[in-house]
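Remember, it's 1-based here, ligands and their atoms both numbered in the order they're listed.
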Amino acid sequence: MDKDLFAHRVSVIVGDITRLEVDAIVNAANHSLMGGGGVDGAIHRAAGPELKKACQHLRDTDWPDGLPDGEVALTEGFKLPARYVIHTVGPVYAKTKDKSHLLANCYRNALTLAAEHDCRSIAFPAISTGIYGYPFDEAAKVVLDVLAEELPRNELDVTLCFFSDKDAEAFEAAMQEVL
Ligand code: AR6
């Protein structure tokens, strides 16, 4: 893993993702795309009702059966400081089934979609680690692997936005282990 690449392109912060002035923020949504709790609820509240209308449009057009795990869909950010919201659906954690490829797809596909829309910066929440129950350390390893693979392929500045000091510290520790 390239330590300098991480140092230059990845920021780890603690805060509310809805406040970030980046080109795109990623939403840890659910299949319906119609909003929910956690970061999804916060993003919908901050973006205003136009976001739900845009999500309904996605359901009416590209995703009539809902957004599958690991897939991504883009809307405008409306009242958010971010230009775009990239909605993705992380896997619900299951002890008996390895779903790490689905979590990796969320990050990988979001980076690709952001680059396709000429974004220079993107911020992620810790997808699946809240209501969907993914153990934080396991999720951190997935994120680090995807970033190591994808950072050289695009020019995006990546912010990993955690909601607590504890999560940010755990991620930093996981990062130190592999760098
Ligand atoms: N900014 C940054 N991170 C946040 C914020 C925020 N404003 N709010 C929460 N987090 P979760 P999931 C963190 O549960 O596990 C929704 O109902 C939170 O502390 O939001 O992927 C959807 O509709 C945690 O670390 O997402 C789905 O049904 C992380 O964001 C379901 O939850 C993700 O927690 C998705 O569950």
Query - Any side-chain heavy-atom pair of C119 and Y84 under 4.5 Å - result: yes
Query raised in the report: Given side chains that start at C-beta, do those of P91 and Y132 come closer than 4.5 Å, heavy atoms only?
Result: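 No, too far: nothing below the 4.5 Å cut-off.
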**Report entry** Atom indices of ligand 1 within 4.0 angstrom of A42 heavy atoms, with elements
**Finding:**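 Result: 7 (N).
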Return the closest protein heavy atom for [atom] as residue, atom name and distance.
atom	result
atom 14 (O) of ligand 1	I131 N, 2.8 Å
atom 7 (N) of ligand 1	D16 OD1, 2.9 Å
atom 30 (O) of ligand 1	V39 CB, 4.0 Å

Does ligand 1 have an atom that lies less than 4.0 angstrom from a heavy atom of [X]?
X	result
G15	yes
T129	yes
S128	yes

Does a side-chain N-to-carboxylate-O contact under 4.0 Å join [X] and [Y]?
X	Y	result
E138	K141	no
E76	R83	no
K53	E50	yes

Query raised in the report: Does an N or O from G130, backbone or side chain, lie closer than 3.5 Å to an N or O of ligand 1?
Result: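 Yes: some nitrogen or oxygen of G130 is under 3.5 Å from one in ligand 1.
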Sequence neighbours excluded and cut-off under 3.5 Å, please list the side-chain donor-acceptor pairs for residues 13-23, or say none.
residue, atom, partner, partner atom, Å
D16, OD1, T18, N, 3.0
D16, OD1, T18, OG1, 2.9
D16, OD2, T18, OG1, 3.0
D23, OD2, R120, N, 2.6
D23, OD2, S121, N, 3.2

Query raised in the report: Among G38, A139, A126, which one has a heavy atom closest to atom 33 (C) of ligand 1?
Result: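 Minimum heavy-atom distance to atom 33 (C) of ligand 1 goes to A126.
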